[in-house]
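All values below come from the heavy atoms of this structure, side chains included, with hydrogens, waters and symmetry mates left out.
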Amino acid sequence: MIILFWISLFIVFYAFAGYGIFLYALIKLKRIIGKKKQTITLNEQQLPTVALLIAAYNEEAYIEEKIQNCLELDYPSHLFNVVFVTDGSNDRTPQKIQNYTQVRLYHKDERGGKMAAIKRVMPELTSDIVVFTDANTYLNKEAIKELVKHYQDPKVGAVAGEKKIMVADSADASSAGEGFYWKYESALKKWDYELYSNVGAAGELFSIRRSLYQPVETDTIIDDHMIAMRIAEKGFVIAYEPKAYAMETASADSKEELKRKIRIAAGGIQSIFRLKKAANPFRNPVLTFQYISHRVLRWTVTPFLMILVFILNIFIALQTQHPLYIALLTGQILFYGLSLVGYFLEKRNLKVKAFFIPYYFCLMNYAVIAGMNRYFKKSQSAAWEKSKRK
């Protein structure tokens with residue numbers, strides 16, 4: 001029982017913090033032996049052609065701001081196309097886009113989900129690079145140039161940008177928790193790329209070499225992750241560029257954030273079953289190490305091991321009365337107690353930041369269990385149900 005406790009505790013710690021520590025140590029070692037990644041500067045004389053593809057579903061409230069943001073991006077207009085696909089939208093999103101002659105619109109009334117829309121439009125594109133972004137996010141002016149500079153390296157097949165959550169000073173749990181989470185994720189992505197490659201991409205902003213695009217299954221739940229990882233499975237690197245970023249507000253509240261996380265968790269399990277090459281250490285051991293450490297553990301065993309660790313800790317502390325196990329149990333009770341207080345405070349719209357991170361952490365792990373349940377019951381649709389944003 002004690003051995004099982006320590007193994008389980010180690011896996012939980014490694015999945016959420018240990019991998020980051022170990023990864024940082026590897027990066028430091030790599031720098032010492034002189035294999036630091038070289039800084040890439042953009043060659044303005046050899047810019048590739050770029051298509052910015054936005055799949056938008058019923059986004060009439062934001063679509064004109066998004067178009068203006070796209071048209072203000074710093075990239076030569078003769079090399080740059082903005083493309084919207086609005087399949088299934090039954091509001092005024094397509095009509096508003098049609099008012100702008102500088103962009104291309106693809107629309108049909110039938111809704112098949114985001115991946116189906118992307119698969120329909122991709123064969124129509126001829127650009128060297130395709131950049132994907134969401135309709136409710138806003139890119140910094142230099143984003144496209146910062147992304148495409150990495151394609152000067154022939155080993156790079158995709159480039160992920162950074163997602164930034166706009167957090168107000170009076171932020172609630174969903175805002176503060178989501179903001180902290182993405183700051184930590186950004187650090188991991190930076191170190192992943194410095195070691196070898198990222199292991200996925202966020203749909204808010206990422207890009208690929210069009211020639212490497214491989215259509216994924218229409219029922220794919222997290223299309224951005226699958227598109228990027230299928231390219232990584234071919235032996236190409238997923239680069240990361242923090243100077244290219246997409247900004248969006250946090251989820252309206254924890255209920256909306258939970259809905260989003262459950263969908264991602266269901267998609268994570270789906271992707272694990274489909275990305276068999278990425279999980280095969282005999283094909284690319286470094287990629288497999290990064291993929292399992294950064295993604296697979298979080299999307300599979302860690303929430304269950306957290307429960308197991310807590311239960312085992314109770315039995316061991318009662319049986320042994322050892323100060324170490326009593327201290328560990330006390331720490332767990334305190335942590336989950338803070339999370340519970342955070343839950344009740346959010347219900348009452350009280351904003352005490354000390355409780356945000358424990359609450360968000362537990363929310364995130366509950367979402368993994370709920371997402372797995374939804375996936376195996378086949379009750380998770382590929383069609384995106386938008387989360388309300390602040």
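- No donor-acceptor pair closer than 3.5 Å links the side chain of Arg210 to the backbone N or O of Val130.
- Side-chain N or O atoms of Glu60 include one that pairs as donor or acceptor with a backbone N or O of Arg92 at under 3.5 Å.
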N/O donor to acceptor pairs below 3.5 angstrom from side-chain atoms of residues 306-324, sequence neighbours left out:
unit_1 : atom_1 : unit_2 : atom_2 : d
Asn313 : OD1    : Leu329 : N      : 3.1
Asn313 : OD1    : Gln332 : NE2    : 2.8
Asn313 : ND2    : Tyr325 : O      : 3.1
Thr320 : OG1    : Ile316 : O      : 2.7
Thr320 : OG1    : His322 : N      : 3.2
Gln321 : NE2    : Ala317 : O      : 3.4
Gln321 : NE2    : Leu318 : O      : 3.2
His322 : ND1    : Leu324 : N      : 3.0

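- Note that CD1 of Ile7 and CG of Leu305 are 10.0 Å apart. Values are rounded to the nearest 0.5 Å.
- Within a 6.0 Å radius of NZ in Lys119, other residues, nucleotides and ligands contribute more than 12 heavy atoms.
- Checked by atom type and distance alone, the side chain of Lys149 never pairs as donor or acceptor with a backbone atom of Ile144 at under 3.5 Å.
- Salt-bridge annotation for Asp128 and Arg209: absent, with no side-chain N of the basic residue lying under 4.0 Å from a carboxylate O of the acidic one.
- For Arg274 and Asp219, the salt-bridge test passes: some basic side-chain N is under 4.0 Å from an acidic carboxylate O.
- Salt bridge status for Lys163 with Glu248: present, with a side-chain N to carboxylate O gap under 4.0 Å.
- Checked options Glu194, Lys189, Glu162; the residue passing with Tyr240 is Glu162 (criterion: side-chain hydrogen bond (donor to acceptor under 3.5 Å, both in side chains)).
- Between the side chains of Ser207 and Tyr151, at least one donor N or O sits under 3.5 Å from an acceptor N or O.
- The residues Lys164 and Glu204 are annotated as not salt-bridged, no charged nitrogen and carboxylate oxygen being separated by less than 4.0 angstrom.
- Distance alone, capped at 3.5 Å, is enough to place a donor-acceptor pair between the Asn69 side chain and the Leu139 backbone.
- Considering CD of Gln46 and CD of Gln152, their distance stands at 7.5 Å, rounded to 0.5 Å.
- Around the NZ atom of Lys108, the shell of radius 6.0 Å holds more than 12 heavy atoms that belong to other residues, nucleotides or ligands.
- Note on ring orientation: taking the six-membered ring where Trp is involved, the planes of Phe335 and Phe361 are perpendicular (angle over 60°, cut-offs 30° and 60°).
- A donor-acceptor contact shorter than 3.5 Å links the side chain of Lys276 to the backbone of Phe273.
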Could you walk me through whether Tyr196 and Asn284 pass the side-chain hydrogen bond (donor to acceptor under 3.5 Å, both in side chains) test, one step at a time?
CA-CA 11 Å; Tyr196 173 65; Asn284 190 331; 3.0 Å; yes
Side-chain atoms of residues 10-25: list all donor-acceptor pairs with protein atoms under 3.5 Å, sequence neighbours left out, distances to 0.1 Å.
unit_1 : atom_1 : unit_2 : atom_2 : d
Tyr14  : OH     : Ser293 : OG     : 2.7
Tyr19  : OH     : Asp192 : OD1    : 2.5
Tyr24  : OH     : Lys28  : NZ     : 3.3

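- When ring centroids are compared, Trp299 and His294 stay outside the 6.0 Å threshold.
- A salt bridge links Asp74 to Lys145: one of the charged nitrogens lies within less than 4.0 Å of a carboxylate oxygen.
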Run Phe5 and Leu328 through side-chain contact (heavy atoms from CB on, under 4.5 Å) and show every step you take.
CA-CA 11 Å; Phe5 169 80; Leu328 287 171; 3.9 Å; yes
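- Judged by distance alone, the side chain of Thr300 and the main-chain N or O of Val296 form a donor-acceptor pair under 3.5 Å.
- For Thr288 (side chain) and Asn280 (main-chain N/O), a donor-acceptor pair under 3.5 Å exists by modelled atom type.
- A side-chain hydrogen bond (donor to acceptor under 3.5 Å, both in side chains) with Thr86 is found for exactly one of Gln98, Arg111, His107, namely His107.
- Salt bridge Lys96/Asp91: absent, no basic N to carboxylate O contact under 4.0 Å.
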What verdict does the side-chain contact (heavy atoms from CB on, under 4.5 Å) test give for Ile269 and Phe376, after you've listed the backbone C-alpha separation in whole Å, the side-chain angles of each residue and the deciding distance to 0.1 Å?
CA-CA 9 Å; Ile269 292 296; Phe376 288 117; 4.0 Å; yes
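- Under a cut-off of 6.0 angstrom, the local environment of OH in Tyr106 is crowded, with over 12 non-hydrogen atoms contributed by other residues, nucleotides or ligands.
- Panel note: side chain Ser89, backbone Asn58; a donor-acceptor pair is recorded below 3.5 Å.
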Pairs of donor and acceptor atoms involving the side chains of residues 226-236, under 3.5 Å and at least two apart or interchain, shall be tabulated with distances.
unit_1 : atom_1 : unit_2 : atom_2 : d
Glu233 : OE2    : Lys277 : N      : 3.1
Glu233 : OE2    : Ala278 : N      : 2.9
Lys234 : NZ     : Leu212 : O      : 3.0

